[in-house]
Amino acid sequence: MQPDIQKTTQLTKKNVLFFARFPPPYCGETIGSQLVYDLLKDDLNITTLELLDNNREIDDGGKFRVMRAIKTLGKIYTVLKLVKSERPDSFYMVPAASKLGHFRDVLIVLFVRPYVGRIVCHIRNGNFHDVLSVTGLQALSRQFIQKTDYFIFLANNL
């Protein structure tokens, strides 16, 4: 199965790897990713890697399923392979709102940190503090925060 990777390239521009959800489905998160991409695509070389499978239902997150775990490991491998081969200047991601997704995000940040210039996390959910406070993941969450260079918050209440 070929991952959903798209690329725009020009020689003098900085390279960015976007690891996010893009439409469809059309929801706040996917539309937000598309808007950020559209704002930056003319000024940066952007490689996009779709976070989720296109056939996944929007409200199906946060539940453990073996096949999803296997696919997630495949996505982590693809991200690591891309950052190792392309050495992007920046890695842009939208952290998950679920506990399982947060664990995936922590692993990704820890794995990609040595290969990218900066990591940018765009927070789009109001329960980010709760996700960081998950029992048993606090130490990993601290590493996640320390290894991330920038956090973007859409609103003061986030």
Side-chain angles (χ1 to χ4, degrees), residues 1-8 14-65 67-83 86 88-113 116 118-134 137 140-141 143-145 147-158:
M1 181 171 108
Q2 189 67 15
D4 298 326
I5 301 171
Q6 294 182 7
K7 194 174 197 167
T8 61
K14 297 277 187 188
N15 297 315
V16 179
L17 174 59
F18 265 56
F19 186 56
R21 294 172 62 185
F22 292 92
Y26 290 88
C27 65
E29 181 182 354
T30 63
I31 293 168
S33 296
Q34 188 67 53
L35 286 171
V36 172
Y37 172 83
D38 289 342
L39 287 170
L40 299 175
K41 70 181 178 188
D42 294 333
D43 298 320
L44 301 167
N45 291 323
I46 300 175
T47 301
T48 61
L49 177 58
E50 178 66 43
L51 175 62
L52 299 176
D53 295 326
N54 288 334
N55 61 355
R56 183 169 150 202
E57 290 295 321
I58 193 74
D59 60 350
D60 199 24
K63 298 175 186 170
F64 180 80
R65 292 197 173 77
M67 284 308 296
R68 186 181 305 153
I70 292 168
K71 288 179 182 181
T72 297
L73 290 173
K75 289 285 183 173
I76 292 171
Y77 173 76
T78 301
V79 168
L80 188 56
K81 193 167 91 174
L82 275 171
V83 293
E86 296 192 12
D89 299 295
S90 297
F91 180 78
Y92 172 92
M93 68 183 290
V94 178
S98 71
K99 295 169 187 161
L100 289 172
H102 176 61
F103 184 67
R104 175 206 60 219
D105 295 341
V106 168
L107 292 177
I108 288 172
V109 166
L110 292 174
F111 290 151
V112 304
R113 176 73 272 175
V116 299
R118 79 181 53 86
I119 297 174
V120 177
C121 290
H122 197 163
I123 309 304
R124 297 192 186 148
N125 59 66
N127 71 331
F128 187 62
H129 180 270
D130 296 336
V131 171
L132 291 176
S133 303
V134 172
L137 287 181
L140 286 174
S141 293
Q143 289 293 309
F144 175 81
I145 291 168
K147 297 203 180 290
T148 299
D149 298 294
Y150 299 99
F151 285 94
I152 300 170
F153 295 91
L154 291 178
N156 289 333
N157 62 341
L158 295 179

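None of the values given here were measured: they were computed from a predicted structure. All residue numbers in this chain count up from 1 along the given sequence.
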Do Val109 and Met93 have side-chain heavy atoms sitting under 4.5 Å apart? yes
With the side chain counted from C-beta on, respond yes when Val79 and Phe111 share a heavy-atom pair under 4.5 Å apart, and no when they do not. no
Greater than 12 external heavy atoms within 6.0 Å of Tyr77's OH: no
Any donor-acceptor N/O pair, Arg113 side chain to Lys147 backbone, under 3.5 Å: yes
Kindly write out the residues that satisfy side chain to side chain donor-acceptor pair (under 3.5 Å) with Gln143, not counting sequence neighbours, or none if the list is empty. Gln146
Determine whether a donor-acceptor pair (N or O, by modelled atom type, separation under 3.5 Å) exists between the side chain of Ser33 and the backbone of Arg21. yes
Taking side chain to side chain donor-acceptor pair (under 3.5 Å) as the definition, give me every residue that meets it alongside His122, ordered by chain and number, with sequence neighbours left out. Tyr92, Arg124
State, with a plain yes or no, whether a side-chain heavy atom of Gln34 is found less than 4.5 Å away from one of Thr48. no
Is the side chain of Lys75 donor-acceptor paired with the backbone N or O of Glu50 at a distance under 3.5 Å, no angle test? yes
Taking the side chain as every heavy atom from C-beta outward, state whether Val83 and Pro88 have any pair of such atoms under 4.5 Å apart. yes
Using the rule side-chain contact (heavy atoms from CB on, under 4.5 Å), only one of Val16, Asn45, Thr47, Asn15 pairs with Glu86; which is it? Thr47
In the structure I gave you, are the side-chain heavy atoms of Leu82 and Phe19 within less than 4.5 Å of one another anywhere? no
State, yes or no, whether a side-chain contact exists between Phe144 and Cys121 at a heavy-atom distance under 4.5 Å. yes
Please find the pair of heavy atoms, one from Ile108 and one from Ile76, that lie closest to each other, and give the distance. CG1-CG1, 3.8 Å
Closer than 3.5 angstrom, by distance alone: can the side chain of Thr30 be matched with the main-chain N or O of Cys27 as a donor-acceptor pair? yes
Do Ile70 and Met67 have side chains that get closer than 4.5 Å, going by heavy atoms? yes
Rounded to the nearest 0.5 Å, what separates atom CD1 in Ile119 from atom CG in Leu110? 8.5 Å
4.5 Å side-chain heavy-atom contact, Lys14 and Ser90: no
Who passes side chain to side chain donor-acceptor pair (under 3.5 Å) against Thr72, sequence neighbours left out? none
